[in-house]
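See structure below.
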Amino acid sequence: MAKEGSTMDETQRLTIINDYSLQSSGDDPSMNNLIESTAHFLDMPIAYVSIIGEYTQVFKARYGIHFESTDRVEAFCNQVVENDDIVLVENAEKDRLFSSNPMVIGSPFIRFYAGIPLRLQNVTIGAVCVVDTKPRTLSSEQIQSLTKLSSHISTYLDLVRQQTQSAHEHQLIEQSPAVLMTWKNFEGLNLTFASTNLTQLFGLSLEPLVQRQEIFEDYIDPNSLNEFTFLMSNHRAGVQNADAQFQIKNRHGERFWIKMISQAFFDQTGELDSVHALLIDNTMNRSVEQKLKQTNQQMRILLEASDLGTWDYDVVHDINKVNQYSCRMIGVDMELFDSSRHYWRGLIHPADRSAVESAYTQHLEGDSESLMIIYRVKHSDGHWIWFETYGKTIERDEEGHVLRVAGIHRDITEKKETELLQDKQRQLLSFINKAMSIYLQHNDLSEACRQVLPELTEIADSKFAFIAQMKKKDNRDALYIHAITELSWNEATRTLVDMYHNRALYFTSFDNLFGSVITKERMVISNQPSTHPSSKGTPKGHPKIFRFMGLPIKLGSQVVGMIGLANKIDDYTTKDSQLLQPLTDALAALYYSVDLEDARFKAEQQLKNMAMTDPLTGLSNRRAFRDYFDKLTSTGEVYVIVILDIDHFKQVNDQYGHIAGDEVLKSIAYQLSNELRTDDIIARLGGEEFAFLIKNDDQAVVTELLNHIRLTIADKVINYGQHSIHITMSMGAHFITPAQNLTMEQHIDAADHALYSAKQQGRNRVIWANDPPMTKLK
């Protein structure tokens, strides 16, 4: 009946047995009675609760057996643990696992065995078992009853453990230096419990206070009673956690300063149910505080008149005392200053905390003679100020542990910000020069922007950034993204990242926060983007934008691009934009240079195109044909050059006029472009003469194509006004092969001679030059 593949972490199982103190033998009277009743109920001579330890089986309850433990290897219950399931053995003498077991062949001569897993924390730690000395079976109802018994015993073991832990906790409280007290809110807040160490620590009698014969408040010094009553009134008003310090005087005249830490509990309606508190003797600390106050009073008076902030940190009691000027530097009223180190740590800039903590720890551990650190602290109005803090250990205990560290603070904000600004300006100038150099070297503006983007985000203390330029996209204004911090948080943005890598990322919508930089043509700073009227939020899954600054890149009064920055640790200010102004100016100059270069290139291409194109037909001219010829014939492949001439073209000009002649030439050009392949080269050599190059070495195929073109032109009617013009063409063809070693002019002459022959033989025909007599050249 074992579960297939069931496993158990043996270390975890043994840990649980140890935690419940089940590793030693010894009967539990309550469980013994239950096991005995179970044996009688099932008519079994033996029953027990078994715990399987690392090497031993121990019985926590037993009936019908006299020994307290066995070796684990002999235990039937070991199979229950290892299989983590019920084990039934109806006849052990015939069972292959148990037939040779010492408890089968010897006392107690087990024949029948039923073991139910005993689980704690969902881990099987042993079994609840019934045993007979003769073979038998159990019904499903009996097995179910044993399973419920096992669950009941598990619950019982849990309760025993909880009771043991509770007793241990109470013992610890009774021996601790803190008194535990409870007030119940019933007809007022009444003390209902106090730990017995109340008498030992503070000399107060426990019974009279708990039985309401005396009132705890009567022992509180009238001068500090308000502290206690204020704490309780806060709990009545709904405050959950509070603390207070007050003085008590017992009947022997002894006085104690008490620090009380309390927590309130409320019922479902929100009404106060009870207050639980720890009372700690704080008398020694108060005495030390008074001595320190008296010792330092004169020094404080002198320092208050200076521009130095002082601090005195009690390491043991976590008390950081500062003078008035320290509070003034951070904009905090001295009465509201929290003396804990945690409070001061919370004021330190997140980026500086690690360095400050490291320097402080090194000093406490004796790795530095003094403490000297520069860091940022948050002023109460939200801005950051730079502190220079000096400190030194002034008191240690007998073992050399630091007890007190004291020192001074100086506000060096103006000096530090000047230094940082100069550093950033130098860094900015450096990477502006870098961007210029990259562009000049590679003539690639996007690459230049991409290489300096990390430095831009660093200088701007930002997490995200982009550099963009205004361009036209589908005849619309758009921002072309030269460089952007790559973010891919879903399928849509992965597509955008791919577009960015392919240099095809444009922002065409300006109805948003960064678009307002373009539409308003000015800088936009929003340190709370969710409240900005232009903000549309961020797409689902996108990291939240919690601060944003957009800087327009202007050329004169025209916005030609922008820089976007997001998620600076501090607020963006106009100082940030002033710092980056040289960059926006440099990018504007770069954009202008690139636009000029693009315009120059387009003009050159246009001039080159005009120089290489026949203006009437739009075909290549003779010069372009020569260039194409040189490039194609240098490949060493076989081409055919064809020269075409319009038959009796002079008569067209004479009869219909030169404008009609021009229409005929354009019609021929159009027809040739349609009939030939895109990689065939077509040109107008001049007048009515055309030429083209065809890559083909089969004369029959080329001849068929040329005749098709010739006949198509002959069949075409060219309409000019009310006139219908019919024309024919003569063609001369000539093979160009690598073996001929002829110039272009010689090849054209050969094709021209073939054309002349076509004219002589009656026009409107194709004649080949005197090429080798073969149908296909190899």
Side-chain angles (χ1 to χ4, degrees), residues 432 435-436 439 443-453 456-457 460 462 464-488 492-526 529 532-539 542 545 547-566 572 576-577 580-606:
I432 288 175
M436 294 285 193
Y439 170 68
N443 196 29
D444 188 336
L445 180 57
S446 292
E447 182 61 25
C449 292
R450 293 180 186 196
Q451 287 204 30
V452 300
L453 188 71
L456 170 61
T457 55
S462 300
F464 311 128
F466 68 83
I467 302 173
Q469 182 179 6
M470 291 299 296
K471 289 183 178 290
K472 289 290 184 181
K473 174 72 172 174
D474 300 328
N475 295 321
R476 295 173 56 194
D477 286 335
L479 266 178
Y480 170 68
I481 306 303
H482 282 297
I484 190 170
T485 305
E486 293 186 35
L487 294 174
S488 180
T493 50
R494 279 193 288 273
T495 301
L496 293 178
V497 170
D498 290 341
M499 293 173 65
Y500 170 62
H501 287 163
N502 294 326
R503 304 195 177 200
L505 180 58
Y506 290 84
F507 291 161
T508 56
S509 173
F510 299 104
D511 183 23
N512 47 47
L513 186 57
F514 77 81
S516 63
V517 178
I518 303 300
T519 56
K520 295 180 180 180
E521 299 183 346
R522 58 179 174 82
M523 173 185 67
V524 172
I525 291 179
S526 179
H532 195 280
S534 298
S535 178
K536 302 296 181 182
T538 53
H542 185 283
I545 299 297
R547 290 185 183 89
F548 173 80
M549 181 173 73
L551 302 176
I553 301 172
K554 287 188 174 183
L555 193 59
S557 60
Q558 181 183 3
V559 175
V560 295
M562 70 168 287
I563 294 173
L565 299 163
Y572 288 107
D576 296 311
S577 67
L580 295 175
Q581 186 63 48
L583 176 60
T584 60
D585 292 343
L587 286 173
L590 267 180
Y591 290 175
Y592 179 67
S593 299
V594 171
D595 287 343
L596 282 182
E597 181 65 20
D598 288 346
R600 184 189 66 77
F601 179 76
K602 289 178 182 178
E604 287 181 354
Q605 290 299 109
Q606 187 175 3

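Below, all heavy atoms of this structure are taken into account, side chains as well, without hydrogens, waters or symmetry copies.
- Among all heavy-atom pairs drawn from Pro552 and Val517, the shortest one is N-CG1, 3.7 Å.
- In this structure Ser462 satisfies the side chain to side chain donor-acceptor pair (under 3.5 Å) test together with Tyr572, sequence neighbours excluded.
- Take Arg503 and apply the side chain to side chain donor-acceptor pair (under 3.5 Å) test, not counting sequence neighbours, and it matches Asp444.
- Rounding to the nearest 0.5 angstrom, the gap separating the OG1 atom in Thr519 from the CG atom in Asp477 is 11.5 Å.
- When every heavy atom of Phe507 is checked against every heavy atom of Ile484, the shortest pair comes out as CZ-CD1, 4.3 Å.
- Contact record, Arg450 with His482: NE-O, 2.8 Å, taken as the closest heavy-atom pair.
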Could you walk me through whether Thr584 and Gln581 pass the side-chain contact (heavy atoms from CB on, under 4.5 Å) check?
CA-CA 5 Å; Thr584 60; Gln581 186 63 48; 3.2 Å; yes

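- Closest non-hydrogen pair, Glu521 versus Lys554, comes out as O-NZ, 2.8 Å.
- Of the inter-residue distances, the one linking Ile518 atom CD1 with Phe510 atom CZ reads 6.0 Å to the nearest 0.5 angstrom.
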Side chains of residues 555-566: which donor-acceptor partners sit under 3.5 Å, not counting sequence neighbours?
none

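- Residue Met470 holds its CE atom at 11.5 Å from OH of Tyr506, rounded to the nearest 0.5 Å.
- A ring pair (Phe, Tyr, Trp, His ring centres under 6.0 Å) with Phe466 holds for exactly one of Phe514, Phe548, Tyr480; it is Phe514.
- Expressed to the nearest 0.5 Å, how far CG of Asp474 lies from OG1 of Thr508 amounts to 9.0 Å.
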Show the numbers, then the answer: is there a side-chain contact (heavy atoms from CB on, under 4.5 Å) between Val524 and Met549?
CA-CA 6 Å; Val524 172; Met549 181 173 73; over 6 Å; no

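- Within the model, atoms CG of Asp576 and CZ of Arg547 stand 11.0 Å from one another, a figure rounded to the nearest 0.5 Å.
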